[in-house]
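Contents: one structure, followed by commentary.
Residue numbering restarts at 1 for every chain, and letters A, B, ... go by the order of the sequence lines.
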2 protein chains.
Amino acid sequence: MLNSYSSADKVLLAVDCIIFGFDHEGLKILLIQRDFEPEKGKWSLIGGFLKRDEVLDSAATRILNTYTGLNDIYMEQLYAYSEIDRDPVERTISVSYFALINIENHNAELIQNYHAEWFPINDAPNLIFDHNEMVQNAIKRLRYKTSVKPIGFELLPEKFTMRQLLELYEAILSKELDKRNFISKINSLDILNKLEEKDMQSSRKGSYLYTFNKEKYEEKLQNNFALNL
Amino acid sequence: MLNSYSSADKVLLAVDCIIFGFDHEGLKILLIQRDFEPEKGKWSLIGGFLKRDEVLDSAATRILNTYTGLNDIYMEQLYAYSEIDRDPVERTISVSYFALINIENHNAELIQNYHAEWFPINDAPNLIFDHNEMVQNAIKRLRYKTSVKPIGFELLPEKFTMRQLLELYEAILSKELDKRNFISKINSLDILNKLEEKDMQSSRKGSYLYTFNKEKYEEKLQNNFALNL
DNA sequence: TTTATTAATGTTGTTTTTACATTTATGTTA
DNA sequence: TAACATAAATGTAAAAACAACATTAATAAA
């Protein structure tokens, strides 16, 4: 029977951030090389401890900022990991958070001032503690999210081609999609603006650039919907 | 910059359980009347504190058992709540868990030996702290689950009629479903055994009883699927 | 001017979903 | 014992969504 509050069983509460990014090479996660013991020098998710006067969401934001300088990144809570010896130093429960960001907007900053580095999700180093598991679960969540929310806004440059959007979805779902069917499904969502402008990098013909229509996009974000790709 | 482990910011970690049940009256949640301060006498989710040598899943199981005598209930972790003053006594982060159980199998035991009580989800008392929010989020999760996993096994009596199954889904989704379409979708899942036996309670004609085909059911549980109701 | 490259575009058959009404079995009542 | 009342069981057709698929168009480079 639970009787009263005791301070006997307080624990350390950590936050670990799974940051997804996307560029021409594919889907990536942001990792850092730990600069303290234990496991110093090993690759790890960006993480830190919750402070007494902080909610988890803020801790996640603060920690991400501390390690990467990134600001105003919306993160979403995922799961609390609590295996007894997941951290060998001290009993620590860790709550994972994940976010999507646009690599090109942030890359210079990250690489220059911090020791954070992007790794392709299929070619990342082995991570400390239970961080590999955290990443795998975050990928699952990301896949699920593609089917109920429009994503891409955060991961692509402001102006992008249909091919880039297609490749983003293919990278997330790790399967090939039919180009024509993909395009017509995306168009049916009615969240893109087709620009006059063309991107001439990728072909002689050039391909139209698109931007997200922020208002319509936000509207869709409210009401879940099904996007079967 | 995060430097080393400090014990300065340890917190209490709680677990709160949202237990769903179903009977002829509809979908219900299990609540208890708090028998300690603060908020003594008010209704609350079943909850308690994580112990140092315990993982969250075990804590959830232990706490549920302590308050209700219930054993072997599979629970699933949902979300960590961390508002600073969510618990007025002391900074406490709470991780919510949810489970589905069959009311009829457990009711007697619960009501007799403990102070737990079932409330219809649409007619439950106001709860302490942020427990109302926890319940609302759990309902959302439950709805989501209906679309990717077969549920019902846990909530219905061993033998049940199609009508009962229909009413369960209607209660969870809180919308009416077309009976014929529902039945054919359920049948297409191929997880039920139709018995010879009929239930004569509900009508003069009587309606066939079904059981879940445990093997096929388990099989479906593994692989997510889409059930659009 | 020809060539090479990638972009843009639409149709058809198949499957899934939705909407919807009649007949059947059986206990109750007149 | 016949008529009645009640809920169960059942099927179809139209609409929508999905999947598979190949040709033409625009442009830079040779």
Side-chain angles (χ1 to χ4, degrees), chain A residues 24-25 143 146-148 150 152 156-157 159-171 173-211 220 223-229, chain B residues 24-26 143 146-148 150 152 156-157 159-171 173 175-211 220 223-229:
Chain A
H24 58 282
E25 295 174 336
R143 284 187 184 146
T146 61
S147 69
V148 295
L156 290 173
K159 297 174 182 180
F160 53 89
T161 64
M162 273 293 179
R163 172 163 295 260
Q164 283 175 288
L165 189 61
L166 172 69
E167 282 171 358
L168 170 59
Y169 274 87
E170 288 185 333
L173 300 172
S174 82
K175 70 175 177 191
E176 283 199 6
L177 300 172
D178 180 277
K179 205 195 306 182
R180 278 170 293 185
N181 293 338
F182 176 80
I183 290 172
S184 60
K185 280 178 186 178
I186 293 294
N187 282 333
S188 75
L189 291 181
D190 188 31
I191 52 173
L192 297 187
N193 297 120
K194 187 174 189 170
L195 307 179
E196 297 295 302
E197 219 176 323
K198 282 190 165 188
D199 170 276
M200 301 307 292
Q201 307 291 102
S202 59
S203 77
R204 301 196 173 141
K205 182 176 175 182
S207 55
Y208 284 106
L209 288 166
Y210 292 80
T211 58
K220 296 279 175 185
N223 316 304
N224 286 14
F225 63 92
L227 178 59
N228 301 313
L229 295 174
Chain B
H24 59 281
E25 295 174 336
R143 282 182 189 153
T146 60
S147 69
V148 295
L156 290 173
K159 298 174 183 180
F160 54 89
T161 64
M162 273 292 179
R163 171 163 294 262
Q164 282 176 288
L165 189 61
L166 173 70
E167 282 171 358
L168 170 59
Y169 274 86
E170 288 184 333
L173 300 173
K175 69 174 179 192
E176 282 200 6
L177 300 173
D178 179 277
K179 204 196 306 182
R180 277 171 293 185
N181 293 338
F182 176 81
I183 290 172
S184 61
K185 281 179 186 179
I186 293 295
N187 281 334
S188 76
L189 290 181
D190 188 31
I191 53 173
L192 297 187
N193 299 120
K194 187 175 190 171
L195 306 180
E196 298 297 302
E197 220 176 322
K198 282 188 165 188
D199 171 277
M200 301 308 292
Q201 307 293 102
S202 58
S203 78
R204 303 199 168 138
K205 183 176 175 182
S207 56
Y208 285 105
L209 288 164
Y210 292 81
T211 58
K220 296 279 175 185
N223 315 304
N224 287 14
F225 61 89
L227 178 60
N228 302 314
L229 294 175

Considering only heavy atoms of chain A and a distance under 4.0 Å, specify the first and last nucleotide of DNA chain C in 5' to 3' order that meet this criterion. dA4(C) to dG10(C)
Leading and trailing nucleotides of DNA chain D with any atom under 4.0 Å from heavy atoms of chain B: dA5(D) to dG11(D)
Look only at the side chain of Glu170(A) and the backbone of Leu177(A), and say whether a donor-acceptor pair between them is shorter than 3.5 Å. yes
Separation between CG of Leu189(A) and CZ of Phe225(A), rounded to the nearest 0.5 Å: 5.0 Å
Side chain to side chain contact (heavy atoms under 4.5 Å, CB included) between Tyr208(A) and Met162(A): does it pass, once the steps are laid out? CA-CA 8 Å; Tyr208(A) 284 106; Met162(A) 273 293 179; over 6 Å; no
For residues 191-205 of chain B, pull every pair meeting salt bridge (charged side-chain N to carboxylate O under 4.0 Å, His left out), keeping only residues two or more places apart or in separate chains. Lys159(B)-Glu197(B)
Residue pairs, two or more places apart or on separate chains, that pass ring-ring contact (aromatic ring centres under 6.0 Å, His included) and touch residues 187-206 of chain B: none
ring-ring contact (aromatic ring centres under 6.0 Å, His included) partners of residues 174-196 of chain A, not counting sequence neighbours, each pair once: Tyr169(A)-Phe182(A)
Near DNA chain D, which residues from residues 181-192 of chain A have a heavy atom under 4.0 Å away? Asn181(A), Lys185(A)
If you compare all heavy atoms of Lys220(B) against all heavy atoms of Pro150(B), which two are closest, and at what distance to 0.1 Å? CB-CG, 3.9 Å
In residues 201-209 of chain B, what residues come within less than 4.0 Å of DNA chain C, judged by heavy atoms? Arg204(B), Lys205(B)
Report the residues that fulfil side-chain contact (heavy atoms from CB on, under 4.5 Å) with Gln164(A), sequence neighbours left out, ordered by chain and then residue number. Leu156(A), Pro157(A), Phe160(A), Thr161(A)
Distance from Ile191(A) atom CD1 to Ile186(A) atom CD1, nearest 0.5 Å? 6.0 Å
Can you pull the salt bridge (charged side-chain N to carboxylate O under 4.0 Å, His left out) pairs that have at least one residue in residues 175-187 of chain B, sequence neighbours excluded? none
Partner set under side-chain hydrogen bond (donor to acceptor under 3.5 Å, both in side chains) for Asp190(A), not counting sequence neighbours: Lys216(A)
For a quick check of understanding: with a heavy-atom distance under 4.0 Å over all strands, which category does Arg163(A) fall into, base, sugar-phosphate or nothing? sugar-phosphate
Heavy atoms only, 4.0 Å cut-off, all strands: where does Asn228(A) land among base, sugar-phosphate and nothing? sugar-phosphate
Using side-chain contact (heavy atoms from CB on, under 4.5 Å) as the criterion, list what pairs up with Asn224(B), not counting sequence neighbours. Val148(B), Lys149(B)
Residues at least two apart in sequence or cross-chain that pass salt bridge (charged side-chain N to carboxylate O under 4.0 Å, His left out) with Glu25(B), listed by chain then number, are Lys28(B)
Nearest heavy atom decides the nucleotide; on that basis, is Ala226(B) or Met162(A) closer to the 5' end of DNA chain C? Met162(A)
